Amino acid sequence: MKAIHRFTVRTVLPESIAALSRLAKNLRWTWHQPTEDLFAELNPHAWDAVHGDPVKLLGSLTREEIQQIAADPELVARIRDLDADLDTYLTEPQWYQRTQGEDAPAAVAYFSAEYGITSALPQYSGGLGILAGDHLKTASDMGVPVVGVGLLYQAGYFKQSLSRDGWQQETYPVLDPDELPLTLLREADGTPARVVLPLPEGRTLSAQIWRADVGRVPLLLLDSNISENDDAARNVTDRLYGGGSDHRLYQELLLGMGGIRALRAHSRITGAPTPEVYHCNEGHAGFLGVERIQELMNPGADAQAMMWEEALTAVRAATVFTTHTPVPAGIDRFERDQIAHVLAAGLAPDVPSERVLELGAETMPGGDPSKFNMAVMGLRLAQRANGVAELHGAVSRSMFHGLWEGFDTEEVPITSVTNGVHVPSWIDPAVWRMAVDPEENDTNPAARWRRIYNVSDAELWATRRALRERLVHDVRERLRASWKRRGAADAELGWTESVLDPDVLTIGFARRVPTYKRLTLMLRNPERLKRILLDPRRPVQLVVAGKSHPADEMGKRMIQDLVRFTDDPQVRHRIVFLPNYDIAMARVLFPGCDVWLNNPLRPLEACGTSGMKAAINGGLNLSVLDGWWDEMYDGQNGWAIPTADNKAGTDERDDIEAAALYELIESHVAPRFYGDGSEDATTAAGPDTAPSRASTVPHQWLAMVRHTLATLGPKVSARRMLTDYVNELYVPACVAGRRVTTDDGALARGTAHWVERVRTAWPQLRIEHVDAHGVRQEPQIGDELTVNAYVDLGELTPEDVTVQVSYGRVSETDHIHERSYATLEDVTELGGGRMTFSGPITIDRSGPFGYTVRVLPRHDELASPAELALVRNAGD
Ligand SMILES: *Cc1c(COP(=O)(O)O)cnc(C)c1O
């Protein structure tokens with residue numbers, strides 16, 4: 001049973017230290033070490049008890065403790081200084097203010113179903129959420145005016161523990177929003193602001209809006225756990241990625257449609273600028289476009305209402321969609337009827353439901369007409385779309401090619417922006433001091449990372465060892481706690497005190513456990529893995545962690561297989577599985593590992609960011625060439641596990657790739673770590689004891705570490721990612737969005753009418769004949785030909801289209817490779833809508849040569865020639 005009334009008794013701080021409350025609530029402390037240190041030092045014992053959570057810490061202080069702080073002039077001065085520092089941080093011009101001009105958006109709304117910002121606000125399940133958190137933090141650092149939108153889940157994601165026999169156990173501790181770093185958004189009269197969505201059967205779904213401050217970025221989180229909701233509506237935001245399909249649909253409606261309304265309330269109440277660009281991070285928030293169309297179709301008294309196609313044009317122009325899913329099975333889909341049913345309740349009363357249903361229709365070959373596909377809707381509602389690594393961009397273009405029939409895969413208008421990580425959150429302070437120049441350099445970010453070349457081998461090695469040692473201690477504590485939960489008594493656990501060795505090569509592997517990530521690939525040949533772990537001269541130790549989706553039995557079985565292997569007394573000092581992988585564990589794990597292992601089934605890892613976090617701490621990657629590693633591996637920053645893509649069945653492929661992994665560790669990774677040949681001063685040690693390696697400095701290894709820090713640092717930094725988003729997507733979307741909406745949307749209206757006219761007339765368009773003049777008997781490089789295309793435009797005019805010749809080397813099947821394009825500019829009217837389009841091309845290569853012609857729609861407001869998915873190819 002739920003309480004319908006509750007209240008929390010607030011800590012009242014004396015005036016002189018009142019700023020503590022603001023320092024605790026602004027999440028900048030999560031990446032500002034001096035602020036975090038302050039809280040830790042206020043009361044180290046209480047700090048541990050609240051797991052490093054400043055809001056909870058302040059709530060736990062007694063009156064006497066508060067009085068003591070207020071009476072300590074040194075603390076009072078420190079608090080005042082940190083408060084002033086926060087002020088400066090929040091208001092000083094940053095990269096965005098220094099580099100961007102008039103075309104840059106006044107605000108960008110960023111929608112995501114999860115946010116991984118800090119363990120003190122556990123609202124994430126894995127990589128997607130961590131990425132969203134890093135996006136907001138980096139926006140704050142760079143002064144990019146982002147406002148985040150999400151949901152506040154009462155239980156966030158589950159906490160993982162293990163049963164005695166290694167089976168994953170899930171618990172969902174309920175969070176109390178009053179103990180989280182959040183502020184309720186209130187109207188001027190003090191009542192909490194509300195978002196209300198109508199539901200079928202006359203029900204409603206209301207939500208209140210919490211605001212988290214991520215540095216200068218506000219994050220609005222909708223929370224349906226309020227008394228005016230019925231029980232079902234209250235539970236909409238009960239947990240991340242809730243149970244059934246209806247539950248999930250309501251979450252997504254609240255996130256997308258409710259999210260837009262929350263933004264409006266926030267702007268109305270606080271005067272925050274209205275976003276000019278909307279970034280939909282994965283398909284979950286796709287309904288935001290429907291709500292914005294609704295706004296434009298019924299804008300209230302002062303503006304002229306738009307028609308469907310006009311509103312769609314205006315919304316698309318200012319929307320960016322990011323896809324993260326490399327497999328169709330990973331895409332969110334609902335029943336078409338489910339969507340029709342909720343729309344009938346009047347969610348978007350002025351938008352024709354039939355058109356909304358078309359947005360999510362799987363019109364590609366093989367599509368299921370009974371489904372409503374959130375990724376497909378995302379692509380249709382955004383003029384600009386991207387994948388999250390170069391390879392993933394290519395995979396996405398193939399995956400969604402069916403929506404752009406007639407175009408080549410490379411032309412599918414989905415680009416890529418490779419993910420990055422928020423360096424101040426993930427780098428260890430010791431590595432930061434050695435490797436990163438705190439001075440910003442807007443034009444040459446790489447210069448910030450050169451400092452590591454001035455650090456000596458001895459110093460670098462000592463730091464790496466210290467980080468490894470800290471991890472070893474953390475692992476021992478966690479392992480002991482885990483075994484106690486598994487039912488072991490203290491007396492049985494003496495061995496956990498000597499698990500792992502601070503001088504042994506440490507490989508980390510931590511991630512969610514969907515099948516494609518292959519948690520258990522390393523167990524493919526258990527005997528060989530044992531030999532590697534127990535090698536007397538070059539031992540290896542492995543730290544493994546990961547959560548399986550609660551409904552994924554396969555994933556849980558993989559965890560169990562792994563845990564059983566690690567339970568073996570023969571190897572348990574060299575391999576551990578740590579339950580409950582989360583941000584807090586990650587922050588110790590990444591810096592402590594020498595090597596970060598990643599072995600997904602290529603190309604199913606969209607990007608992956610954990611290897612990036614290892615890299616910025618001087619860890620070397622040992623990974624399948626998938627996601628980010630595919631574009632950033634350079635031969636000296638780690639190792640590439642060779643893949644057997646497509647060549648083999650799953651089992652055979654696992655065998656081949658596991659063997660390659662073992663071979664790499666035995667022959668390359670371990671010898672280099674322990675210093676091969678002349679560098680190896682430890683060969684005299686006996687077979688059973690790990691030799692003392694602390695004094696051996698492996699120069700070649702450290703050269704790789706230095707190279708990794710200096711060259712990968714700037715590339716994997718989320719500053720690079722955000723710069724790409726701003727330059728390639730946000731600014732163009734802002735410019736397009738402004739253009740189509742000025743003058744009461746005159747250009748949106750014009751463009752929309754043009755699109756409708758072109759769509760209607762397109763089926764009549766014909767390429768009747770193509771020929772060329774100037775082809776000699778024996779054509780040579782440098783010859784110029786004139787290509788003529790005879791086209792019946794039907795109802796269209798020459799200004800509506802581009803007629804292109806595509807030419808280049810042809811294969812035996814007459815497929816044109818290494819294509820070039822030229823526009824046929826000279827138009828001759830032949831009467832009755834028929835025209836000739838002519839123009840020159842130059843033969844620029846030898847061998848089999850061919851050309852063909854196609855017609856594309858042409859309009860200044862199209863961001864890509866493929867945008868409308870309309871094309872007429874000669875010979876169609
Ligand atoms: C970085 C991170 C992830 C995502 O890592 P991937 O490489 O994308 O699998 C997941 N969980 C936590 C706690 C992380 O820190």
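Only this structure's heavy atoms are used, side chains among them; waters, hydrogens and symmetry mates stay out. Just so you know, these numbers come straight off a predicted model, no measurement behind them. Whatever order the structure lists them in is the order used to number ligands and atoms, beginning at 1.
Of the protein's heavy atoms, G127 CA, 3.4 Å lies nearest to atom 4 (C) of ligand 1. In this structure, atom 11 (N) of ligand 1 lies nearest to the protein heavy atom Y581 CE2, 3.4 Å. Atom 13 (C) of ligand 1 has D582 C, 3.5 Å as its closest protein atom, hydrogens excluded (heavy atom only).
Comparing heavy-atom distances from atom 3 (C) of ligand 1 across R512, K613, R511 singles out K613 as nearest.
Salt bridge status for D552 with R512: absent, with no side-chain N to carboxylate O gap under 4.0 Å.
In this structure, R480 is not positioned above the aromatic face of W483 in the sense of NZ or CZ being under 6.0 Å from the six-membered ring centre and within 45° of the axis.
With hydrogens and angles left out, the side-chain atoms of W426 and D134 include a donor and acceptor closer than 3.5 Å. No donor-acceptor contact under 3.5 angstrom links the side chains of R28 and S140, judged on distance only. Under 3.5 Å, the side chains of D238 and H247 contain a donor-acceptor pair of N or O atoms.
Applying salt bridge (charged side-chain N to carboxylate O under 4.0 Å, His left out) to E170 and the options K547, K159, K556 leaves one that passes, K556.
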Compile the donor-acceptor pairs under 3.5 Å between side chains in residues 384-395 and protein atoms, sequence neighbours left out, one pair per line.
| residue | atom | partner | partner atom | Å |
| --- | --- | --- | --- | --- |
| N386 | OD1 | T322 | OG1 | 2.8 |
| N386 | ND2 | Y725 | OH | 3.0 |
| H392 | ND1 | V388 | N | 3.0 |
| H392 | NE2 | S396 | OG | 3.3 |

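At a 4.0 Å heavy-atom cut-off, ligand 1 touches T609 through backbone and side chain alike. Residue contacts with ligand 1 for W426 involve side-chain atoms from C-beta outward but no N, CA, C or O (heavy atoms, distance under 4.0 Å). Heavy atoms of F590 found under 4.0 angstrom from ligand 1 belong exclusively to the side chain.
Geometrically, ligand 1 and S610 share a nitrogen or oxygen pair separated by less than 3.5 Å. For K517, a nitrogen or oxygen atom sits less than 3.5 Å from a nitrogen or oxygen atom of ligand 1, counting backbone and side chain alike.
The ring of H422 has its center closer than 6.0 angstrom to the ring center of W31.
Contact atoms of ligand 1 toward A586: 15 (O) (distance under 4.0 Å to a heavy atom of the residue). In the vicinity of I583, heavy-atom distances shorter than 4.0 Å reach the ligand 1 atoms 13 (C). Interface of G608 with ligand 1, defined as ligand atoms under 4.0 Å from a residue heavy atom, comprises 7 (O), 8 (O).
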